[in-house]
Amino acid sequence: MGFKKKESGVWVPSHLDQFELGEAISVGDWNVGPGGGRFIPMVRSELTLAGRLQAIRDAGATHIEFHSTEAPAKELKKIKQIVTDLGLNVGMVTANLFKGRPKYANGNFGHPDPKIRALAVKDTKEYINFGVAIGAPVYVYWNGSNGLRVRQGVPYTDLIKWTADSINQILHWMWDTHKENSLAFAIENKPNEPTQWSYPETAGDVIQICQMVDEPVRHLVGGNPEVCHEIMSGSNYALTLARLHVMGKLFHVHLNGATGKQMFDEDLPFGAGDVMTALETVWQLKELKYRGLVGFDVQPRPTDTDAQYAESVKQSIGRFHNLLGAITDLSDPDRRRFLGYQAKGNNAEIDKFFFDLLTGN
Ligand code: GLT
Ligand code: MN
């Protein structure tokens, strides 16, 4: 895994041309669980790590994603064994910089206190080492608590500079330490929750950070756009995939679903909430010839029973394959017809084309 040098001399993440679309399905360990939250009771029984991974694998995943909280770096040997025994691979790792420590309540890489910024950098480095040791191609930084809880809670220009600077430090350390075995560092933007205003908020902010880090380590950083987070911002997810792709920064994806009327992360199964977004997402990934990991970040429904432990994961993967199948099965004349509509700006026919594709007409 890691990075490879193209003939042009540019370093690129190796995993991005490794899989056929839909072949590598990566799911968060946190995507199954007993349920429970501020307004919801625990409804399912707790499973062990091995039990959770088995449920995710049986739902159709090939890769697993870990937080430092559920899969602590010090348990590397044990975790590696469980993953290998189940025939899985690790797709992504991410240090918990939101609930990992009480100190992160008011931010991480852009926290006003330099000691807490340094702690976030240290926690990240430790978990990158874990990711390298366990063979994960991707590291994700999700902003989490980074940002503002009140207006001017952090000086705005400093928030941006501190965040970029913390990431820059990590990238230099990673390249010096791990060279081409480095992980593809994918930044996952989200506009709010748990903050009122988060940074990085949008894919534009992710690209801003990519531009702010030093040129010799810039190849190491890109984005991990998530469907729900884009919908919360009022953005078109497929357009965001393209935004990052044209900059060479589409390092990973997190697919899920949202109704579009919520200002919080609904984390519905992929294809739930807004099925057209799901269809367009698969269409766009195919269009971009995306060959990285297809990651899912979904939560169980509060009504799911012990028999439906990984139902949200299973439905998400099933729908992805269904939609991919429908798109792949399009005949050449139908494809040409579609391109003709696009070239002429025939919006009515384009709209009908997608509706018919979805309904099998
Ligand atoms: C959390 C968040 C996700 C992130 C995870 C990785 S944590 O579940 O809602 O979008 O991808 O840190
Ligand atoms: Mn996510």
Side-chain angles (χ1 to χ4, degrees), residues 25-38 52 56 61 63-73 90-101 104-105 107-109 120 123-124 126-128 130-131 136-147 163 167 170 183-195 198-203 205-206 222-233 235 237 240-241 244 250-258 262-270 273 277 281 292-300 312-313 316 320:
I25 302 286
S26 193
V27 174
D29 165 52
W30 63 91
N31 284 201
V32 292
R38 222 172 131 209
R52 294 200 298 276
I56 290 171
H63 291 68
I64 199 83
E65 308 196 345
F66 283 132
H67 274 139
S68 54
T69 30
E70 292 97 30
V90 178
M92 179 276 256
V93 297
T94 177
N96 190 327
L97 303 183
F98 44 103
K99 254 183 149 172
R101 298 175 190 269
Y104 292 144
N108 44 64
F109 290 159
D123 282 350
T124 301
E126 275 174 22
Y127 215 52
I128 286 175
F130 170 81
V138 180
Y139 180 87
V140 162
Y141 164 60
W142 170 56
N143 51 12
S145 59
N146 204 52
T163 303
I167 293 173
I170 292 163
L183 308 189
F185 191 99
I187 303 174
E188 181 176 338
N189 58 286
K190 184 176 172 183
N192 60 274
E193 195 210 18
T195 61
S198 304
Y199 184 81
E201 178 187 19
T202 62
D205 290 347
V206 171
N224 173 34
E226 172 166 314
V227 176
C228 278
H229 303 170
E230 295 307 295
I231 291 179
M232 287 165 77
S233 301
S235 296
Y237 184 69
T240 287
L241 292 173
L244 288 160
L250 185 58
F251 280 13
H252 193 54
V253 295
H254 264 180
L255 305 187
N256 49 22
Q262 310 292 358
M263 283 302 287
F264 60 86
D265 212 346
E266 294 174 80
D267 283 338
L268 295 175
F270 183 61
T277 290
T281 296
L293 296 159
V294 176
F296 289 94
D297 192 356
V298 300
Q299 285 299 306
S312 292
V313 173
S316 297
F320 184 90

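The figures here come from the full heavy-atom set of this structure, side chains too, leaving out hydrogens, waters and symmetry mates. Numbering of ligands and ligand atoms starts at 1, following listing order. By convention here, the first residue in the shown sequence is residue 1.
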Exercise for review: Would you indicate which of F66, Y141, W142 comes nearest to atom 1 (C) of ligand 1 when only heavy atoms are counted?
Suggested key: W142
Practice item. Taking only heavy atoms of T94 into account, list the atoms of ligand 1 that are under 4.0 Å away from them. Key: 6 (C), 12 (O)
Exercise for review: For H252 and E226, test the side chains for any donor-to-acceptor distance below 3.5 angstrom and give the result as yes or no.
Suggested key: no
Check your understanding: Which residue holds the protein heavy atom closest to atom 9 (O) of ligand 1, what is that atom called, and what is the gap in Å?
Key -> D265 OD2, 3.3 Å
Point to revise | Backbone N/O of N31 and side chain of D297: donor-acceptor pair under 3.5 Å | key: no
Check your understanding: For the residue pair V298 and L255, what are the closest heavy atoms and their distance?
Key -> CG1-O, 3.8 Å
**Study point:** Whether F98 lies under 4.0 Å from ligand 1, heavy atom
**Key:** yes
Practice item. Examine the side chains of D267 and N256 and answer whether a donor and an acceptor come within less than 3.5 Å of each other. Key: yes
Check your understanding: Less than 3.5 Å between some nitrogen or oxygen of D297 and one of ligand 1, yes or no?
Key -> yes
Point to revise | Any side-chain donor near an acceptor of the partner, D265 and H229, under 3.5 Å | key: yes
Exercise for review: Identify the protein heavy atom lying closest to atom 7 (S) of ligand 1, giving its residue, its atom name and the separation to 0.1 Å.
Suggested key: H67 NE2, 3.1 Å
Point to revise | Parallel, tilted or perpendicular: ring planes of Y141 versus F109, cut at 30 and 60 degrees | key: tilted
Check your understanding: In ligand 1, which numbered atoms sit nearer than 4.0 Å to a non-hydrogen atom of H229?
Key -> 10 (O)
Check your understanding: Mind checking whether E188 has an N or O less than 3.5 Å away from an N or O of ligand 1?
Key -> yes
Review point. At under 4.0 Å between heavy atoms, which part of E226 makes contact with ligand 1: side chain, backbone, both or neither?
Key: side chain
Review point. To which protein heavy atom is atom 8 (O) of ligand 1 closest, and what is the distance rounded to 0.1 Å?
Key: W30 NE1, 3.3 Å
Exercise for review: Hey, can you tell me if W30 and H254 have their rings parallel, tilted or perpendicular (30° and 60° cut-offs)?
Suggested key: perpendicular
Review point. Counting each atom of ligand 1 from 1 as listed, which ones have a heavy atom of H254 under 4.0 Å away?
Key: 11 (O)
**Study point:** Any donor-acceptor pair under 3.5 Å from D205 side chain to E201 backbone
**Key:** yes
Review point. Does any donor atom in the side chain of S68 or D123 lie under 3.5 Å from an acceptor atom in the other side chain?
Key: no
**Study point:** H254 near the Mn ion (ligand 2): N/O/S under 2.8 Å
**Key:** yes
Review point. Vertex the Mn ion (ligand 2): angle to OE1 of E226 and OD2 of D297, to 10°?
Key: 90°
Check your understanding: What N/O/S atom of E188 gets nearest to the Mn ion (ligand 2)?
Key -> OE2
